[in-house]
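Here the structure is a predicted model, which means the values were calculated and not measured.
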Amino acid sequence: QVQLVESGGGLVQAGGSLRLSCAVSGRTSTASCMGWFRHAPGKEREFVARINRAGDRTYYAESVKGRFAISRDNAKSTVYLQMNSLKVEDTADYYCALDSGISCLFPRTKATDYDYWGQGTQVTVSS
């Protein structure tokens with residue numbers, strides 16, 4: 001069984017930074033492509049970022065490119081999302097997701113491309 005547990009959310013002022021973590025446990029924890037999504041009230045779930053197994057290839061939504069950075073530490077079975085220059089519109093629940101597919105294809109931005117999900121962590125950006 002694969003489990004994903006997010007942490008690091010909170011309240012921050014616009015322009016500030018947060019780093020989200022996603023602890024992964026289970027058989028595929030270090031062998032999978034990972035992604036981050038977000039879901040804001042009244043909006044559809046939105047792809048944020050994706051990272052390959054080795055951590056040397058990433059892909060970002062245009063809305064976060066240049067501000068957010070996804071990374072991973074396979075020794076710790078953890079994926080991170082560093083969020084800088086936060087905006088009010090970044091307010092959402094953030095979810096990490098695991099793609100257990102054999103081939104780590106890009107960009108893979110649909111929620112249906114991922115097989116396992118965490119419970120989410122809330123990020124609120126105030127003006």
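Taking 4.5 Å as the limit, every side-chain heavy atom of Met83 sits out of range of all side-chain heavy atoms of Asp90. With contacts defined as side-chain heavy-atom distances shorter than 4.5 Å, the pair Val2/Leu4 qualifies. Ile70 is listed as a side-chain neighbour of Tyr60, based on a closest heavy-atom distance under 4.5 Å. Under the 4.5 Å side-chain criterion, counting only non-hydrogen atoms from C-beta, Arg38 is in contact with Ser63.
Pairs engaging residues 79-115 under the ring-ring contact (aromatic ring centres under 6.0 Å, His included) rule: Phe37-Tyr114 [sequence neighbours left out]. Listed by first and then second residue, the side chain to side chain donor-acceptor pair (under 3.5 Å) pairs involving residues 117-127 amount to none (not counting sequence neighbours). Applying the disulfide (SG to SG under 2.5 Å) definition to pairs two or more places apart or across chains, those involving residues 73-125 are Cys22-Cys96, Cys33-Cys104. Sorted by first and then second residue, the pairs that involve residues 112-127 and meet salt bridge (Lys or Arg N to Asp or Glu O under 4.0 Å), not counting sequence neighbours, are Arg108-Asp113.
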For this session: Using the side chain to side chain donor-acceptor pair (under 3.5 Å) rule, take Asn84 and Ser17 through it: C-alpha gap first, then chi angles, then the decisive distance, then the call.
Result: CA-CA 4 Å; Asn84 299 324; Ser17 298; 2.9 Å; yes
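Atom NZ of residue Lys43 and atom OG1 of residue Thr91 lie 9.0 Å apart, to the nearest 0.5 angstrom. Here OG1 of Thr58 is found 14.0 Å from CZ of Phe68. Values are rounded to the nearest 0.5 Å.
Surrounding NZ of Lys110 are at most 12 heavy atoms belonging to other residues, nucleotides or ligands under 6.0 Å away.
Side-chain N or O atoms of Gln82 include none that pairs as donor or acceptor with a backbone N or O of Arg19 at under 3.5 Å. Remark: side-chain polar atoms of Asn74 are not paired, donor with acceptor, to backbone N or O of Ser77 under 3.5 angstrom. The closest donor-acceptor contact from the side chain of Thr109 to the backbone of Pro107 lies at 3.5 Å or more, if one exists at all. Arg72 contributes no side-chain N or O that, together with a main-chain N or O of Gly55, makes up a donor-acceptor pair within less than 3.5 Å.
Listed by chain and number, the residues in a salt bridge (charged side-chain N to carboxylate O under 4.0 Å, His left out) with Glu44 amount to none (sequence neighbours excluded). For Glu89, there are no salt bridge (charged side-chain N to carboxylate O under 4.0 Å, His left out) partners two or more places apart in sequence or in a different chain.
Ser32 and Ser100 get closest at one heavy-atom pair: OG-CA, 4.2 Å. Counting all heavy atoms, side chain and backbone alike, Thr78 lies closest to Ser21 at CG2-CB, 4.2 Å. Closest heavy-atom contact between Leu86 and Leu18: CD1-N, 3.9 Å.
Hydrophobic clustering (ILVMFWY, side-chain heavy atoms < 4.5 Å, transitive): Trp36 and Tyr116 are in one cluster.
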